[in-house]
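Below is one structure, written out as structure tokens, with a few remarks after it.
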Amino acid sequence: MVTKETDNFNIEQICISGQCFRMEPIDGSTYSVVAGGRYVEITQEGKSCTFRCAEEEYESFWRHYFDLDEDYGAYIKNIDVKDDYLRSAALLGSGIRILRQDLWEMTASFLISQQNNITRIRRCISNICETYGEKRESASGRVYYTFPEPEALAELEEDALKECNLGYRSKYVVRTARSIAYGDVNLDHIRSLSYPEAKAELLKLYGVGDKVADCICLFGLHHLDAFPVDTHISQALKAHYRRGFPKRRYKGYRGVMQQYIFYYELNGKR
DNA sequence: GTTCAGGCCGCCA
DNA sequence: TGGCGGCCTGAA
């Protein structure tokens, strides 16, 4: 058990922000997270966060995974005081962080995300993990499944993942798994590239377009300059930034602003 | 019953 | 280079 005081960290907001599909509420204030072959339960009460894992595991993995060494308050403080819309969005989603998730898992996940709803995306990924992932048990006795390696999916028929409810996205994931497993695209190499270079390389993957590539860069490579434009963001930009989003002002952390806007659009209009 | 999801591919002008 | 039809499926 590790308990930490946190700023600008809210596990519920992160869960429903839609960047991680393997995080879910267990009860009111406790969430489970599967990442990097690990499992943890997190309980938050105000600023106090309790991670149900050993101190060593928190320090070596989860602290970095949740990007807890970064000062998101500084990003929020830099928001244009005249930009009421962005300030409201950042206020609502001030507990969001850009998680440092696995590159391959993000690639597959955002291939699945296209033209899809978040509820179904979660189910698709859960199905894939339970069918092709590795079954494990946490110290607390909870059974969970890891995300399968590309090699495990590369050998499948292109339509095999329709069994996991992927629909037409099945061949995107299988072909991409092959490209990676057979070395046509090297993820380790991509990790060493700049944002534009990495994006160009990801665009070679079948089923990866401009938007998905940006999501992979933001969530799988932590390139905070990536600014994925989906239907929601596109509509928000039209409504609130007639002359375009001031990307230059937020250079270096545009993706954080994108997440505030995305979260605000989906959860701000109750 | 309809619409529409965190789009992309393939085809056509 | 840009526009458009088609695509699996199931929440809402």
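In the text below, chain A, chain B and the rest are named by the order of the sequence lines, each starting its count at 1.
- Atom OH of A:Tyr172 is separated from atom P of B:dG6 by 17 Å (rounded to the nearest Å).
- Residues A:Ile14 and A:Phe66 approach most closely at CD1-CD2, 4.4 Å, considering heavy atoms.
- Aromatic pair A:Tyr85/A:Tyr264: ring centres closer than 6.0 Å.
- Note on A:Gln235: nothing from the nucleic acid sits closer than 4.0 angstrom, heavy atoms only.
- Both A:Leu205 and A:Cys20 lie near DNA chain B, and the one whose nearest nucleotide falls closer to the 5' end is A:Cys20.
- Formation of a donor-acceptor pair under 3.5 Å by the A:Asn117 side chain with backbone atoms of A:Arg120 is found in this model.
- The nearest whole Å value for the distance from the CD1 atom in A:Ile112 to the P atom in C:dC7 is 21 Å.
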Notebook entry, point to check: Pairing of DNA chain B as dot-bracket, 5' to 3': ( ) intra-strand, [ ] crossing, | other strand, . unpaired, with Watson-Crick or G-U pairs under 3.5 Å?
Noted result: .||||.|||||||

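- With both ends at atom P, the span from C:dC8 to B:dG10 equals 13 Å, rounded to whole Å.
- Checking the phosphate oxygens (OP1, OP2) of B:dA5, no side-chain nitrogen or oxygen of A:Ser113 falls inside 4.0 Å.
- Within the 4.0 angstrom heavy-atom criterion, only backbone atoms of the sugar-phosphate kind lie near A:Gly207; the bases stay farther away.
- Summarising the geometry of A:Asp230 relative to A:Ile233, their closest heavy-atom pair is OD1-N, 2.9 Å, with the distance given to 0.1 Å.
- One finds no side-chain N or O of A:Tyr206 lying less than 4.0 angstrom from the OP1 or OP2 phosphate oxygen of B:dG7.
- Within the 4.0 angstrom heavy-atom criterion, base atoms lie near A:Ser17.
- Closest non-hydrogen pair, A:Cys217 versus A:Leu202, comes out as SG-CD1, 3.9 Å.
- Judged by ring centres under 5.5 Å apart and planes tilted less than 30 degrees, A:Phe110 fails to stack against the six-membered base ring of B:dG6.
- Taking A:Phe110 as the reference, A:Phe21, A:Phe219 meet the ring pair (Phe, Tyr, Trp, His ring centres under 6.0 Å) condition, with sequence neighbours excluded.
- Taking atom CD of A:Glu158 as the reference point, atom P of C:dC7 lies 17 Å away to the nearest angstrom.
- Closest non-hydrogen pair, A:Gln115 versus A:Arg169, comes out as O-NH2, 2.7 Å.
- The interatomic distance linking A:Arg122 (CZ) with B:dG6 (C1') rounds to 13 Å, in whole Å.
- Here B:dC8 presents its P atom at 10 Å from CG of A:Asp230, a figure rounded to the nearest Å.
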Check: residues 182-198 of chain A side-chain donor-acceptor pairs under 3.5 Å, at least two apart:
| from | atom 1 | to | atom 2 | distance (Å) |
| --- | --- | --- | --- | --- |
| A:Asn186 | OD1 | A:Asp188 | N | 2.8 |
| A:Asn186 | OD1 | A:His189 | N | 3.1 |
| A:Asp188 | OD1 | A:Arg191 | NE | 3.3 |
| A:Asp188 | OD1 | A:Arg191 | NH2 | 3.2 |
| A:Ser192 | OG | A:His189 | O | 2.6 |
| A:Ser194 | OG | A:Glu197 | N | 3.4 |
| A:Ser194 | OG | A:Glu197 | OE1 | 3.0 |
| A:Tyr195 | OH | A:Asp214 | OD1 | 2.5 |
| A:Glu197 | OE1 | A:Ser194 | N | 3.0 |

Short heteroatom pairs, N/O only, protein and nucleotides 8-12 of chain C, under 3.5 Å:
| from | atom 1 | to | atom 2 | distance (Å) |
| --- | --- | --- | --- | --- |
| C:dC8 | O4' | A:Tyr168 | N | 3.2 |
| C:dC8 | O2 | A:Arg120 | NH1 | 3.2 |
| C:dC8 | O2 | A:Arg120 | NH2 | 2.9 |
| C:dC8 | O2 | A:Arg169 | NH1 | 2.8 |
| C:dC8 | N3 | A:Arg169 | NH2 | 3.1 |
| C:dT9 | O4' | A:Arg120 | NH2 | 3.1 |
| C:dT9 | O2 | A:Arg120 | NH1 | 2.6 |
| C:dA11 | OP1 | A:Arg123 | NH1 | 2.6 |

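- A:Lys211 places its NZ atom 17 Å from the C1' atom of B:dC9, with the value rounded to the nearest Å.
- Residues passing the side-chain contact (heavy atoms from CB on, under 4.5 Å) test with A:Asp7 are A:Lys47, sequence neighbours excluded.
- Remark: P of B:dC9 and CG of A:Asp210 are 11 Å apart, rounded to the nearest angstrom.
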Side-chain atoms of residues 152-161 of chain A: list all donor-acceptor pairs with protein atoms under 3.5 Å, sequence neighbours left out, distances to 0.1 Å.
| from | atom 1 | to | atom 2 | distance (Å) |
| --- | --- | --- | --- | --- |
| A:Glu158 | OE2 | A:Arg175 | NE | 2.9 |

